[in-house]
Amino acid sequence: MPQIIILPHEELCPDGMVVEAEPGQTICDVALQNHVEIEHACEKSCACTTCHVYIREGMESLNENTEDEDDMLDKAWGLDPDSRLSCQTIIGDEDLVVEIPKYTINMVSENH
């Protein structure tokens, strides 16, 4: 089972975290299952950018971006070449290092 290393985030995961994940799950689902309350304002339907993350290691083992994901990512705060929407990113067989951006574009925090 691959390990997901979530780098420290001041609010969501202050100490960082290492968790095991089943291939085929999304990064968002794994984070939420492990009490990392990553925002997902559109209920994981690829209609916002609140679950935007950076994949710092392991990108090659993930599913390819869809056109819809790429269109949404264009609107994300702090977009970089390692950006993905965690609700659309399916975990493969390799370990990942994931960084949650400091900010998100969300008019209202819904506290899921």
Side-chain angles (χ1 to χ4, degrees):
M1 242 190 297
Q3 287 190 330
I4 311 302
I5 300 163
I6 300 173
L7 298 176
H9 180 279
E10 186 176 314
E11 294 175 16
L12 301 178
C13 190
D15 297 323
M17 181 180 290
V18 178
V19 297
E20 291 199 354
E22 291 284 337
Q25 291 182 288
T26 66
I27 291 172
C28 187
D29 286 338
V30 170
L32 293 170
Q33 290 164 6
N34 288 279
H35 311 289
V36 177
E37 297 299 320
I38 192 165
E39 290 190 60
H40 52 289
C42 71
E43 295 298 325
K44 303 182 272 185
S45 66
C46 196
C48 74
T49 63
T50 60
C51 71
H52 169 228
V53 296
Y54 304 114
I55 309 301
R56 297 305 186 201
E57 291 181 26
M59 181 76 85
E60 60 282 347
S61 70
L62 303 173
N63 64 311
E64 293 289 323
N65 297 33
T66 64
E67 188 174 325
D68 287 342
E69 181 182 1
D70 285 339
D71 288 346
M72 289 310 306
L73 278 170
D74 286 342
K75 301 171 187 167
W77 179 90
L79 182 68
D80 82 10
D82 298 330
S83 292
R84 291 293 305 262
L85 295 180
S86 67
C87 73
Q88 301 300 303
T89 306
I90 299 171
I91 297 165
D93 295 331
E94 294 182 28
D95 293 348
L96 300 176
V97 176
V98 176
E99 180 181 356
I100 301 170
K102 184 174 182 177
Y103 300 108
T104 183
I105 298 173
N106 193 1
M107 301 301 176
V108 177
S109 182
E110 308 204 3
N111 294 325
H112 289 279

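For the single chain, residues carry numbers from 1 onward in sequence order. On a predicted model such as this, the values are computed, not experimentally measured, just so you know.
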With a 4.5 Å heavy-atom cut-off, do Ile6 and Asn34 have their side chains touching? no

Once salt bridge (charged side-chain N to carboxylate O under 4.0 Å, His left out) is applied, do any residues pair with Asp82, and if so which ones, sequence neighbours excluded? Arg56

Keeping to residues at least two apart or across chains, list the ring pair (Phe, Tyr, Trp, His ring centres under 6.0 Å) pairs with something in residues 80-100. none

At what distance, to the nearest 0.5 angstrom, does CD of Gln3 lie from CD1 of Ile91? 12.0 Å

Between Thr50 (side chain) and Ala41 (backbone), is there a donor-acceptor pair under 3.5 Å? yes

Once ring pair (Phe, Tyr, Trp, His ring centres under 6.0 Å) is applied, what residue pairs with a partner in residues 3-28 remain, sequence neighbours excluded? none

Please write out which residues are connected to Val18 in a hydrophobic cluster, directly or through intermediates, given that two of Ile, Leu, Val, Met, Phe, Trp, Tyr count as joined at side-chain heavy-atom separations below 4.5 angstrom. Ile5, Leu7, Val97

Minimal non-hydrogen separation, Met59 against Pro81, with atom names: CE-O, 4.1 Å

Just how far is it from atom CD of Glu99 to atom SG of Cys13, taken to the nearest 0.5 Å? 12.0 Å

Counting neighbours of CD on Glu64 that are heavy atoms of other residues, nucleotides or ligands and sit closer than 6.0 Å, is the number greater than 12? no

With a 4.5 Å cut-off on side-chain heavy atoms, are Ile90 and Leu62 touching? no

Any Lys/Arg nitrogen of Glu10 or Lys102 sitting under 4.0 Å from an Asp/Glu carboxylate oxygen of the other? no

Side-chain contact, heavy-atom cut-off 4.5 Å: Pro2 with Leu96? no

Which residue pairs satisfy the ring pair (Phe, Tyr, Trp, His ring centres under 6.0 Å) criterion with at least one member in residues 12-33, sequence neighbours excluded? none

Looking at Met72 and Cys46, what are the two nearest heavy atoms and their distance? CG-O, 3.4 Å

Main-chain N/O of Leu79 paired with Asp74 side-chain donor or acceptor, under 3.5 Å: no

Could you state the interatomic distance from OG1 (Thr66) to CG (Asp71), rounded to the nearest 0.5 Å? 8.0 Å

Pairwise side-chain contact, Ser61 with Asp93, heavy-atom cut-off 4.5 Å (strictly under): no

Contact list for residues 20-33, test side chain to side chain donor-acceptor pair (under 3.5 Å), sequence neighbours left out: Gln25-Gln33, Thr26-Asp29, Asp29-Lys44

Looking at SG of Cys87 and CD of Glu43, how far apart are the two atoms once the value is rounded to the nearest 0.5 Å? 10.5 Å

Side-chain heavy atoms of Met17 within contact of Leu12, under 4.5 Å: no

So, the side chain of Tyr103 versus the backbone of Gly78: is there a donor-acceptor pair under 3.5 Å, distance only? no

Could you state the interatomic distance from CG (Leu85) to NE2 (His40), rounded to the nearest 0.5 Å? 13.5 Å

For residues Val98 and Ile27, determine if any side-chain heavy atom of one lies less than 4.5 Å from a side-chain heavy atom of the other. yes

Within the 4.5 Å heavy-atom criterion, are Glu57 and Asp95 side-chain neighbours or not? no

As a quick check of understanding, evaluate side chain to side chain contact (heavy atoms under 4.5 Å, CB included) for Ile38 and Val53, giving each step before the final call. CA-CA 9 Å; Ile38 192 165; Val53 296; 3.6 Å; yes

With a 4.5 Å limit on heavy-atom distance, are the side chains of Leu73 and Thr49 in contact? no

Rounded to the nearest 0.5 Å, how far does CD of Gln88 lie from SG of Cys28? 9.5 Å

